[in-house]
Amino acid sequence: MRREWNPRRESQEHVRVAYVIAGDTLAMVEQSRGGGEAVKVPFQQTLILQDQLSG
């Protein structure tokens, strides 16, 4: 199970946060980038890899 959340703050930093649940393990993945947007494709690839490693 994966959930993605893209909080927006007043600062110029963009943060992408998601979590992966595998059995009794909860993994939180966070990527941020100051001065721009955290790119979505590498973030999704990170989530897929984390899901495979946890699974």
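Since the structure is predicted, the reported quantities are computational estimates derived from the model, not experimental observations.
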Below 4.5 Å, heavy atoms only, C-beta onward: do [X] and [Y] meet side chain to side chain?
X: Leu47; Y: Leu49; answer: no
X: Gln31; Y: Val15; answer: no
X: Tyr19; Y: Val29; answer: no

Listed partners of Gln45 passing side chain to side chain donor-acceptor pair (under 3.5 Å), at least two apart: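 Applying side chain to side chain donor-acceptor pair (under 3.5 Å) to Gln45 gives none.
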Check whether the side chains of Gln50 and Ser54 place a donor and an acceptor atom closer than 3.5 Å, and report yes or no.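 Side-chain D/A pair, Gln50 to Ser54: present.
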Kindly compute the distance separating CG (Asp51) from OG1 (Thr46), expressed to the nearest 0.5 Å.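 That separation rounds to 12.5 Å.
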To the nearest 0.5 Å, how far apart are CZ in Arg33 and CZ in Phe43?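 The CZ atom of Phe43 is 15.0 Å from CZ of Arg33, to the nearest 0.5 Å.
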